[in-house]
Amino acid sequence: MCAQNPSSMIRIVCIAALLLATGAAPSRQDVLARARALQREVPLIDGHNDLPWASRSRNPDLAGLDKGLPTGQTDIPRLRQGEVGGQFWSVYIPATVTGPAAVKMVTEQIDTVHRLAARYPDTFEVARTAADVERIFHEGKIASLIGMEGGHSIDSSLAVLRMTYAMGARYMTLTHSLNTPWADSATDKPEHGGLTPFGEEVVREMNRIGMLVDLSHVSPDTMRDALRVTEAPVIFSHSGARAVCDHPRNVPDDVLRLVKKNGGVVMAVVLGAYVADSSAWRADRSAAQARFQNQADAAAMLQQWERDHPRPKANLKGVADHIDHIVQVAGIDHVGIGGDFDGGGGVEGLEDVSKYPLLTAELLRRGYSEEEVKKFLGLNVLRVMREAEEVARRLQNSSRAPRHG
């Protein structure tokens with residue numbers, strides 16, 4: 001089972017003491033109304049949504065998003081219901097696609113985001129800076145940012161990296177599920193011990209052009225190497241806390257402390273496997289399966305075992321536990337939200353993008369102040385974006401020139 005976070009218990013005790021002193025408890029409707037009001041005051045910026053990839057096969061012309069889609073986790077009505085103010089659209093391509101084919105495919109995915117904004121201009125506008133996000137949000141639209149999921153997209157070319165930035169990409173996840181020739185992934189066999197010298201050059205060039213370094217999906221050694229090399233704050237666009245759920249995709253505590261020093265932000269993910277730890281359950285199931293394998297009714301016995309031993313379920317409170325832990329270790333200035341909708345899911349209470357006010361309300365119920373919640377919603381990410389923009393200006397005004405290739 002995932003660990004119980006002590007900081008959430010402390011907050012609950014404090015809230016209980018306050019309610020006893022005042023003799024009043026706000027209703028769920030009151031807290032939800034406060035949550036929605038906060039999301040109208042500052043943009044909720046979601047670090048990761050895979051709608052462009054989901055649309056590639058099921059809805060390539062992006063039709064019907066304004067009416068609501070019968071499948072998936074994202075459309076315009078649900079984004080509006082969820083009070084989403086800024087969205088990093090993931091321009092994911094599979095990690096098995098490499099070479100020139102990867103460059104072509106990621107360009108097509110970037111084009112999808114631009115087509116999305118062009119088709120629904122009253123709802124979306126492509127944002128390239130923190131100032132763009134704030135302006136677009138205050139105009140009542142959803143600021144649409146572009147994030148590349150996986151360094152394989154650039155085919156080991158700094159020139160391609162620069163051109164994707166020119167097309168609007170504002171972060172790149174250094175790896176996806178497989179290693180690149182220059183960085184180790186969290187879910188592949190280590191090859192490089194983190195970043196290679198060229199991988200360090202990739203990080204430096206991202207700093208120079210103003211592209212956020214995203215460390216979701218990378219190995220802990222890659223995380224540490226990138227944090228050592230970078231001059232700008234990093235992000236984890238969709239990751240959890242490893243101390244809460246021991247999944248290789250989540251962030252260890254020592255790295256959370258490095259993120260605090262770096263000034264970066266970890267955007268808590270809403271994906272069942274990264275929220276609720278089922279590793280012990282899987283081990284127990286495998287042991288039961290081995291015990292039953294020579295029985296005539298082995299399949300039925302395993303089904304009965306699964307009914308008697310249900311798999312741990314991820315839920316909204318579990319996501320809030322991850323947020324609590326990130327805050328406890330790294331601080332309130334270093335946490336955000338990265339849903340991974342239309343590429344993830346499986347979390348009760350956060351089934352799609354419309355549910356975000358429920359999470360905001362849960363944080364309020366746990367005792368976070370409105371100013372703290374605003375940081376979580378989007379102010380932390382906007383700060384990181386502004387600082388990365390400032391680092392880029394400084395580096396471009398220095399003697400550092402773009403490297404060939």
Side-chain angles (χ1 to χ4, degrees), residues 3 47-48 95 147-154 156 158 161 171-269 274 277 322-323 325-331 333-336 338 380-381 383-385 387-388 391-392 395:
H48 196 90
M148 289 195 294
E149 189 174 22
H152 59 291
S153 299
I154 64 170
S156 297
L158 297 180
L161 176 70
Y171 76 62
M172 182 173 73
T173 322
L174 298 187
T175 73
H176 190 246
S177 57
L178 302 177
N179 300 336
T180 68
W182 43 269
D184 283 339
S185 167
T187 49
D188 199 357
K189 184 178 179 180
E191 294 180 61
H192 314 299
L195 289 176
T196 69
F198 179 76
E200 294 184 2
E201 282 300 309
V202 170
V203 171
R204 292 189 183 99
E205 187 63 5
M206 292 174 74
N207 287 170
R208 194 192 67 81
I209 63 178
M211 184 181 286
L212 296 172
V213 176
D214 177 20
L215 300 180
S216 287
H217 280 290
V218 308
S219 72
D221 283 340
T222 302
M223 295 175 192
R224 296 179 190 111
D225 281 352
L227 283 159
R228 170 178 53 82
V229 172
T230 185
E231 297 182 52
V234 304
I235 66 166
F236 289 76
S237 66
H238 58 306
S239 291
R242 193 152 185 179
V244 180
C245 185
D246 188 14
H247 190 286
R249 270 274 285 103
N250 287 339
V251 188
D253 277 3
D254 72 296
V255 175
L256 288 176
R257 287 187 282 269
L258 292 174
V259 170
K260 180 177 183 177
K261 292 179 181 178
N262 163 265
V265 62
V266 178
M267 307 179 81
V269 70
Y274 307 153
D277 189 353
H322 280 264
I323 294 166
H325 188 82
I326 295 167
V327 171
Q328 181 184 22
V329 177
D333 294 321
H334 307 285
V335 66
N380 287 341
V381 178
R383 172 187 54 79
V384 167
M385 291 179 66
E387 291 180 12
V391 168
L395 294 176

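Residues Val335 and Ile326 meet the side-chain proximity criterion, which asks for heavy atoms closer than 4.5 Å. Between Val269 and Phe236, the closest side-chain pair of non-hydrogen atoms is not below 4.5 Å. Between His247 and Asp277, the closest side-chain pair of non-hydrogen atoms is not below 4.5 Å. Two residues are said to be in side-chain contact when any heavy atoms from C-beta on lie closer than 4.5 Å; Leu212 and Val234 fail this criterion. With a 4.5 Å cut-off on side-chain heavy atoms, Asp184 and Glu191 count as touching. Taking 4.5 Å as the limit, some side-chain heavy atom of Met267 sits within range of a side-chain heavy atom of Val381. At a threshold of 4.5 Å between non-hydrogen side-chain atoms, the residues Cys245 and Tyr274 do not count as touching. Side-chain atoms of Met172 and Leu161, non-hydrogen and from C-beta on, do get closer than 4.5 Å to each other.
Across all non-hydrogen atoms, the minimal contact from Ala186 to Pro248 is CB-O, 3.3 Å. The minimum heavy-atom distance linking Ala388 with Pro233 is given by the pair N-CD, 4.4 Å. Nearest heavy-atom pair, Gly336 versus Val265, reported as atom, atom and distance to 0.1 Å: N-CG2, 3.7 Å. The two residues Ala183 and Leu195 make their nearest non-hydrogen contact at CB-CD2, 3.7 Å. When all heavy atoms of Ala241 and His325 are compared, the pair lying nearest together is CB-CD2, 3.7 Å. A pairwise comparison of heavy atoms in Gly263 and Arg383 identifies O-NH1, 2.8 Å as the closest pair.
One distance of note links CE of Met223 with CG of Leu174; it measures 10.5 Å at 0.5 Å rounding. Note that the CG atom of Leu178 and the NE2 atom of His152 stand 8.0 Å from one another [nearest 0.5 Å]. Interatomic distance, Leu227 CG to Arg257 CZ, rounded to the nearest 0.5 Å: 13.0 Å. The structure places CD1 of Ile209 at 15.0 Å from CZ of Arg204, a figure rounded to the nearest 0.5 Å. Separation of atoms NE2 (His334) and CG (Leu256) is listed at 10.5 Å; rounding is to 0.5 Å. Here CD1 of Ile323 is found 14.0 Å from CD of Gln328. Values are rounded to the nearest 0.5 Å.
Judged purely by distance below 3.5 Å, without hydrogens or angles, the side chains of Asn250 and His322 never pair a donor atom with an acceptor atom. Side-chain contact of Thr173 with Asp214: a donor-acceptor pair under 3.5 Å is present, judged by distance alone. In summary, the side chains of Ser239 and Ser216 do present a donor paired with an acceptor at a separation below 3.5 Å, with no hydrogens or angles considered. Under 3.5 Å, the side chains of Ser185 and Asn179 contain no donor-acceptor pair of N or O atoms.
In this structure, Tyr171 contributes its side chain and Gly47 its backbone to a donor-acceptor pair below 3.5 Å. Side-chain atoms of Asn262 come within 3.5 Å of backbone N or O of Ala232 as a donor-acceptor pair. In this structure a side-chain-to-backbone donor-acceptor pair under 3.5 Å is missing from Arg208 to Val203.
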**Request:** Step by step, work out the side-chain contact (heavy atoms from CB on, under 4.5 Å) result for Met148 and Met211.
**Result:** CA-CA 10 Å; Met148 289 195 294; Met211 184 181 286; 4.1 Å; yes
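Contacts of His192 classified as ring-ring contact (aromatic ring centres under 6.0 Å, His included), with partners at least two apart in sequence or in another chain: none. Scored by the ring-ring contact (aromatic ring centres under 6.0 Å, His included) test, His238 finds His48, His217 as partners (sequence neighbours excluded).
Screening residues 224-234 for side-chain hydrogen bond (donor to acceptor under 3.5 Å, both in side chains), with sequence neighbours left out, gives Glu200-Arg228, Asn207-Thr230, Asp221-Arg224, Arg224-Asp254, Asp225-Arg228, Glu231-Arg394, Glu231-Arg400.
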